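Quick caveat, the model's predicted, so the values are computed rather than measured.
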Amino acid sequence: MTASHPTPTVSRGPDRAADRVLLRTARDGGVWTVVLLVTAVVSTAAQILFPALLGKALDSALSDNGTGGWVAGCAVAIASMVLADALFERAAGIAAARGTARLRRSLLGPLLTWPGPGRPRTTTGDMVSRLVGAAGEAGGVAAVLVRAALSVVPAVGSVVALWLIDPWLAGTFLLGFPAVIWLLRTFTRRISDVSTRYLETQGRLATALLEALAGRRTIAAAGTARAEVRRVLRVLPELGRLGRGTWQAQTQVAGRSAVITPLLEIAVLSVAGFALSGGRITVGEMLAAAQYVAIGSGLGMTTMLLGRLARARAGAERVRGVLEQPAMEYGDLRLRPGPGHLELRDVQMTAGGRRVLDGVDLTVPGGSCMALVGRSGSGKTLLAAVAGRLADPEAGTVLLDGVPLDRLTRHDLRAAVGHAFERPALFGETLGDAIARGTGRPARAVPAAGTILAARAADVDGFVRRLPDAYATPLAEAALSGGETQRIGLARAFAHSGRLLVLDDATSSLDTVTEHRVGTVITETLRDRTRIVVAHRAATAARADTVAWLDGGRVRRTGPHRELWRTEPDYRQVFGCATAAEEVPT
């Protein structure tokens, strides 16, 4: 089985736009983000005060002046850290859940309102990866941002505390501090690049997996399961290499900090020893100085925060890639009463790097049925999508009863236009619900008679009634063939009460007898609405009132099928017939 893959994204670090996504996500935490900030400040303050309190308690014990007050202060600092950290973790979980939920809701809108053909987007697997993995990484950013923002406070506080104990201690510490900054900067750059590429590679893995699952019957029939397994898993070496890169970056910074931190401690404590022997500091202050060096130069928590922040920024970059896709916008005009007169003026569309529709002008009188005919790749499906505004033309205008489709409100547009597709996706709890969804309402709000009438028009009522629970049969338990699924999709479209019905090869899986019955309904019974039918069979085109023959990105001719068939040999070739005698339409 072959499948196309998206061009791998060029690796780059997240930009400011991704940072804005993170900031909005953090703000969406509301009161819990405030709780995170307050508890982090309390914990950080207690962390900085504790060494000083411990030093004072030691000095008091050595001087026999009583340690009760200082020991109590140490206990309060420890209790504050424990309680603040516990509350911080609770708030972090809630804020992460809210942030992730908000991001996923924001992503679902653009993903589910895909404008259709003509707008290149990422693959389904990659979109799932962004929705699940990337949103999860970015959603928990509130706690990371708060911790990261306050991570500089212990270092600054340690320098200030060392200065208050003895300026020479602070000066000695600052001599080695540039090495700490360099180490953190190098780690941040590397982990950011690796995190971005790791998420992109996950997206490619998800794409290959979904492609294989969608084609599993083809794979089984061809006996290519092993080849498909290799294809799906071929990105694993790269994923493993990137995963090892993450651990290597963390290992390197841990190894280097294991050298830098002890050297700083030795240097500061050496100076502190001379200060102690000279009487400038006390034993308790020397103990406090040792702890402040450890706090100020400790890289374990800082590198962990930077790693999490890098993953969050990489996730936000992938989320932003979806959020910034052009969304379909709607106007504020209401649709005036009319018969469904459709008009396309100078419509142009590009797909796959080529101009598929090139200045198409087409008029479909209200209440008529027009078949779109053309060779594969002639733009029939794209034109049908433009006619029902599943895609907007790059140039030109589409009007329904004199009103441009892009100026209509969402409600008026979707209430006026119904669709049926070659491979319909069915939604709802039951078969009856799946049909009733065509009305835009749940099954319980649609009269049963309307659902049954639509099912009869699609020649599916008899099949449904033979099931044990008839229309109440759970959709997940209904073993539907391709033709039965297509008929349910047609019934859903017939249940729609709009003035324009667009059918994109929606009868291709039906047998000849059923296709004739349903085709008669489309062309004869549904004269209360305008119908656009993408036709691949001569019989389907023959039943339409008129045919629009697409060729070379333009409408080559319009007219009744019988006339085109008789006078245009190239038109007969569209259906694979060299002469009119090979198939005589009725």
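- Nearest approach of His496 to Val417, heavy atoms of both residues: NE2-O, 3.3 Å.
- Of the inter-residue distances, the one linking Asp459 atom CG with Glu484 atom CD reads 11.0 Å to the nearest 0.5 angstrom.
- Every ring pair (Phe, Tyr, Trp, His ring centres under 6.0 Å) that Phe421 has, sequence neighbours left out, goes to His419.
- Counting heavy atoms from C-beta outward, Leu475 and Leu431 have side chains that approach closer than 4.5 Å.
- Salt bridge present: Arg231 and Glu228 bring a charged side-chain N and a carboxylate O closer than 4.0 Å.
- Shown here are the salt bridge (Lys or Arg N to Asp or Glu O under 4.0 Å) partners of Arg407, two or more places apart in sequence or in another chain: there are none.
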Report task. Determine, stepwise, if the pair Leu501 / Phe494 fulfils side chain to side chain contact (heavy atoms under 4.5 Å, CB included). Result -> CA-CA 8 Å; Leu501 179 60; Phe494 295 161; 4.1 Å; yes

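- Without hydrogens or angle criteria, Asp412 side chain to Leu408 main chain gives no donor-acceptor distance under 3.5 Å.
- Applying the side chain to side chain contact (heavy atoms under 4.5 Å, CB included) criterion to Val398, with sequence neighbours excluded, gives Leu342, Leu344, Val347, Val386, Pro393, Leu405.
- Between Ala212 and Val232 the shortest heavy-atom distance is CB-CG2, 3.8 Å.
- Residues Arg572 and Trp565 meet the side-chain proximity criterion, which asks for heavy atoms closer than 4.5 Å.
- Taking CG from Asp461 and CZ from Arg465, the interatomic distance works out to 4.5 Å, rounded to the nearest 0.5 Å.
- Listed by chain and residue number, Arg556 satisfy the salt bridge (Lys or Arg N to Asp or Glu O under 4.0 Å) test with Asp570 (two or more places apart in sequence, or in another chain).
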Could you pull out all donor-acceptor pairs under 3.5 Å where a side-chain atom in residues 357-373 meets a protein atom, sequence neighbours excluded?
residue: Asp361; atom: OD1; partner: Asp346; partner atom: N; Å: 2.6
residue: Ser368; atom: OG; partner: Pro365; partner atom: O; Å: 2.6

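- Nearest approach of Glu524 to Arg531, heavy atoms of both residues: N-NH1, 4.3 Å.
- Side-chain atoms of Val464 and Thr473, non-hydrogen and from C-beta on, never get closer than 4.5 Å to each other.
- Nearest approach of Ala138 to Leu103, heavy atoms of both residues: CB-CD1, 3.7 Å.
- In this structure, CD1 on Ile532 lies 11.5 Å from CG on Asp504, to the nearest 0.5 angstrom.
- With a 4.5 Å cut-off on side-chain heavy atoms, Val21 and Val141 do not count as touching.
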Requested in this report: Report the C-alpha distance between Ile488 and Ile435 in whole Å, list the side-chain angles of each, state the deciding distance to 0.1 Å, and finish with yes or no for side chain to side chain contact (heavy atoms under 4.5 Å, CB included).
Outcome: CA-CA 6 Å; Ile488 295 292; Ile435 297 173; 4.2 Å; yes

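- Counting non-hydrogen atoms of neighbouring residues, nucleotides and ligands closer than 6.0 angstrom, the CD atom of Glu563 exceeds 12 such neighbours.
- Between Gln573 and Arg375, the closest side-chain pair of non-hydrogen atoms falls below 4.5 Å.
- With contacts defined as side-chain heavy-atom distances shorter than 4.5 Å, the pair Thr485/Pro424 qualifies.
- For Glu137, there are no side chain to side chain donor-acceptor pair (under 3.5 Å) partners two or more places apart in sequence or in a different chain.
- Every residue meeting the salt bridge (Lys or Arg N to Asp or Glu O under 4.0 Å) condition with Asp401, not counting sequence neighbours, appears here in chain and number order: Arg499.
- The side chain to side chain contact (heavy atoms under 4.5 Å, CB included) test applied to Arg104 returns Thr100, Leu131, Val132, Ala135, not counting sequence neighbours.
- For Leu510, the side chain to side chain contact (heavy atoms under 4.5 Å, CB included) criterion is met by Gln486, Arg487, Leu490, Thr507, Thr514, Glu515, Val518, not counting sequence neighbours.
- The two atoms that bring Ala391 and Met349 nearest to each other are CB-CE, 4.2 Å, heavy atoms only.
- Contacts of Arg492 classified as salt bridge (Lys or Arg N to Asp or Glu O under 4.0 Å), with partners at least two apart in sequence or in another chain: none.
- Both the sub-6.0 Å distance and the 45° axial angle are not jointly satisfied by Arg414 relative to the ring of Tyr330.
- Applying the ring pair (Phe, Tyr, Trp, His ring centres under 6.0 Å) definition to pairs two or more places apart or across chains, those involving residues 519-558 are Trp549-Tyr571.
- Smallest separation of non-hydrogen atoms from Ala491 and Ala454: O-CB, 3.4 Å.
- Contact annotation: the side chain of Asp406 never approaches that of Glu329 to less than 4.5 Å [non-hydrogen atoms, C-beta and beyond].
- In this structure Arg27 satisfies the side chain to side chain donor-acceptor pair (under 3.5 Å) test with no other residue, sequence neighbours excluded.
- The structure places CG of Leu400 at 8.5 Å from CG of Leu413, a figure rounded to the nearest 0.5 Å.
- Counting heavy-atom neighbours within 6.0 Å of Arg527 CZ, excluding the residue itself, gives a total above 12.
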Query - Verdict with supporting geometry, Leu205 and Leu209, side chain to side chain contact (heavy atoms under 4.5 Å, CB included) - result: CA-CA 6 Å; Leu205 176 62; Leu209 176 59; 5.6 Å; no

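- Once rounded to the nearest 0.5 Å, the distance linking OG1 of Thr523 with CG of Asp545 reads 8.0 Å.
- In this structure, His516 and Thr512 have side chains that are not in contact, with every pair of non-hydrogen atoms separated by 4.5 Å or more.
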